[in-house]
Colleague: 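Please read through the structure below; I'll follow up with questions.
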Number of protein chains: 2
Amino acid sequence: MLGLEPISRETVGGRVYRDLRELIMAGQISPGERLSIRALASALGTSVMPVRDAVAKLAAEQALEVLPNRAVRVPPMTQDRFEELRAIRLLLEGHAVEIATARMTPARLARLHAIHAEFEAEHDRSEPDAGALVRLNKDFHFHIYETAEMPSLLRIIEGLWLQIGPVLNYDLRSKSRRTKDRTALGFHLALVQAAARGDAAGARAALVGDINAAGDFILSCGALLGASPAERPERGRGAKRA
Amino acid sequence: MLGLEPISRETVGGRVYRDLRELIMAGQISPGERLSIRALASALGTSVMPVRDAVAKLAAEQALEVLPNRAVRVPPMTQDRFEELRAIRLLLEGHAVEIATARMTPARLARLHAIHAEFEAEHDRSEPDAGALVRLNKDFHFHIYETAEMPSLLRIIEGLWLQIGPVLNYDLRSKSRRTKDRTALGFHLALVQAAARGDAAGARAALVGDINAAGDFILSCGALLGASPAERPERGRGAKRA
DNA sequence: CGCCCTTAACTGAGATCACATATCGCACGC
DNA sequence: GCGTGCGATATGTGATCTCAGTTAAGGGCG
């Protein structure tokens with residue numbers, strides 16, 4: 001006995017929240033696209049209530065935005081906001097890396113190596129799956145951050161990734177990612193090695209290099225709004241029906 | 001014309017959210033106290049729906065906590081969490097102060113002086129109002145942070161204050177606050193002066209001193225949970241009826 | 001006299017209903 | 001032919017209802 005299951009201790013609202021969050025982080029919803037609560041509800045096979053809760057929570061985390069019209073959409077990324085978020089990331093994730101280096105254990109270091117190897121393997125494939133790369137990159141970073149054992153900090157960093165996720169992935173799957181991933185691999189390797197020898201400053205430097213390189217690449221792509229148009233009503237309103 | 005009014009462009013849910021947020025920040029709800037959505041709704045004169053949205057949003061910001069029983073309460077502050085939040089505050093608010101010093105304008109500096117004077121005046125009264133002191137302290141800090149013109153950063157800092165608010169005020173209104181406020185005044189003055197002469201490092205140092213002093217005081221009070229009991233069911237369940 | 005079980009009230013979650021508002025299409029009139 | 005105004009559609013918001021799970025109290029049994 002006892003091998004039943006953790007009950008259904010999961011609320012529908014929670015599931016909707018996580019699904020939506022995943023969708024945004026993976027960049028499945030392009031910035032500026034408007035969402036319809038009713039459409040989402042019917043697509044997910046529930047009523048509007050859980051969806052409303054999830055949307056409210058995501059809006060509180062700045063992952064979604066409610067326009068004065070009360071329409072909901074993924075907030076378009078401006079260059080200013082992107083640079084601000086990058087500056088905050090450098091601060092917080094840099095700190096997390098330093099603490100993580102100090103608290104690194106052999107087991108966690110081995111796991112980090114494994115994730116890095118997976119990332120490298122996926123990259124070396126003839127047809128790398130963009131989604132897998134995004135996921136492995138996220139796993140790599142967050143495995144380090146979790147090592148710092150600072151749950152509140154981790155939470156904030158997740159919020160930041162949630163905000164930059166859309167453009168980060170939008171970019172990753174569209175442009176020539178070959179060179180970018182190569183640099184990412186280099187920084188990741190340097191980060192692993194620095195963590196292995198307990199070099200907090202070195203680990204931080206590697207992370208800063210990683211974040212800055214990725215950020216520069218995105219900025220150079222010109223995919224971000226200067227500060228003006230902000231409007232692209234996205235003719236097909238609402239989400240895909242079920 | 002045009003001086004009409006912004007219509008009633010305010011949703012009930014938004015008002016409930018702000019009210020609840022204010023209540024938590026002001027420490028009106030003691031940590032560990034359980035909240036009843038229905039009770040809150042009847043107290044606020046609305047239905048459960050807007051309250052549920054507000055609670056969901058606050059839970060997303062870690063200002064409220066949903067127990068596995070699905071009961072909602074203000075999360076009790078542990079010593080670990082408090083120290084972690086303080087470390088994050090030092091990072092983010094320290095950064096904000098440095099940027100704000102660089103972007104300080106004469107007008108904003110004057111306003112900062114005025115707020116500091118108000119704070120000092122309230123403190124020098126024979127019977128200082130604890131609530132007013134809390135509000136002025138918050139105004140002082142956030143006027144600086146706003147000067148940095150980093151909206152996302154400001155948002156995160158607000159979230160941090162929301163989490164430490166309860167214990168901060170609980171402490172401020174109970175114990176001998178005389179000495180603590182004196183030190184706060186000193187750090188605030190040093191902060192204003194450093195900002196006035198464009199000394200970013202000095203401003204940061206003053207802020208670090210302020211945060212650390214306040215934190216040490218609270219930690220020394222022993223009002224925080226070591227890590228164990230965490231439970232005080234708070235016999236009177238729910239909130240005060242209307 | 002004490003422990004445990006039953007029961008009743010309460011709470012949160014989800015669905016459905018009702019209403020105000022925004023969006024878009026279309027016809028009328030200039 | 002084109003701009004303006006009206007109306008239909010859809011959407012978000014708030015209220016009400018039902019259901020399942022939890023909690024606490026009261027009564028029965030050991």
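Note on naming: letters A, B, ... go to the chains in the order of the sequence lines (proteins, then strands), and numbering restarts at 1 for each one.
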Colleague: Please give me the minimum heavy-atom distance between A:Ala132 and A:Glu122, naming the atom from each residue.
Modeller: CB-CD, 3.9 Å
Colleague: Rounded to whole Å, please give me the gap between OH in A:Tyr17 and P in C:dG14.
Modeller: 15 Å
Colleague: Are A:Glu158 and A:Phe142 close enough, and set up right, to give a side chain to side chain contact (heavy atoms under 4.5 Å, CB included), and what steps lead you there?
Modeller: CA-CA 9 Å; A:Glu158 278 176 3; A:Phe142 276 91; 3.4 Å; yes
Colleague: Compare the minimum distances between each of C:dG12, D:dG12, D:dG14 and the side chain of A:Ile37, then state the nucleotide with the smallest one.
Modeller: D:dG12
Colleague: I want to verify a distance call: between C:dG14, C:dA18, C:dT11, whose nearest atom is closest to the A:Arg38 side chain?
Modeller: C:dA18
Colleague: Would one find a side-chain N or O of B:Thr46 under 4.0 angstrom from OP1 or OP2 of D:dG14?
Modeller: no
Colleague: Protein-nucleotides 4-7 of chain D N/O pairs closer than 3.5 Å?
Modeller:
none

Colleague: Strictly below 4.0 Å, N to O, side chains only: are B:Asp216 and B:Arg86 in salt-bridge contact?
Modeller: yes
Colleague: Check B:Glu84 against A:Ser152 and note the closest heavy-atom contact, atom names and distance.
Modeller: OE2-N, 2.8 Å
Colleague: So, under a plain 3.5 Å distance rule, would you say the side chain of B:Arg52 forms a donor-acceptor pair with the base of C:dG12?
Modeller: no
Colleague: Run the salt-bridge test on B:Lys57 and B:Asp53 with the 4.0 Å N-O cut-off and return the result as yes or no.
Modeller: no
Colleague: Measure from the side-chain heavy atoms of B:Pro50 and tell me the nearest of D:dG14, C:dA15, C:dA13.
Modeller: D:dG14
Colleague: Of the candidate nucleotides C:dG14, C:dG12, D:dG12, which contains the atom at the shortest distance from the side chain of A:Ser47?
Modeller: C:dG14
Colleague: Rounded off to whole Å, could you give me the CG-to-P distance for the B:Leu64 and C:dT11 pair?
Modeller: 17 Å
Colleague: Nearest whole angstrom, please: distance from the C1' of D:dG12 to the CG of A:Asp53.
Modeller: 14 Å
Colleague: Between atom CE in B:Met49 and atom P in C:dC17, what is the gap in whole Å?
Modeller: 15 Å
Colleague: Could you give the CZ-to-P distance, from B:Arg70 to D:dT23, as a whole number of Å?
Modeller: 12 Å
Colleague: From C-beta outward on A:Asn69, which listed nucleotide comes closest to its side chain: C:dG12, D:dG12, C:dA22?
Modeller: C:dA22
Colleague: Taking all atoms of both residues into account, what is the closest heavy-atom pair of B:Leu136 and B:Ile115, and its distance?
Modeller: O-CG2, 3.9 Å
Colleague: In whole Å, what is the span from the CG atom of B:Leu40 to the P atom of C:dG12?
Modeller: 9 Å
Colleague: Are more than 12 heavy atoms from other residues, nucleotides or ligands located less than 6.0 Å from atom CD of A:Glu83?
Modeller: yes
Colleague: Out of C:dC24, D:dG12, C:dG14, which nucleotide sits closest to the side chain of A:Arg34?
Modeller: C:dC24
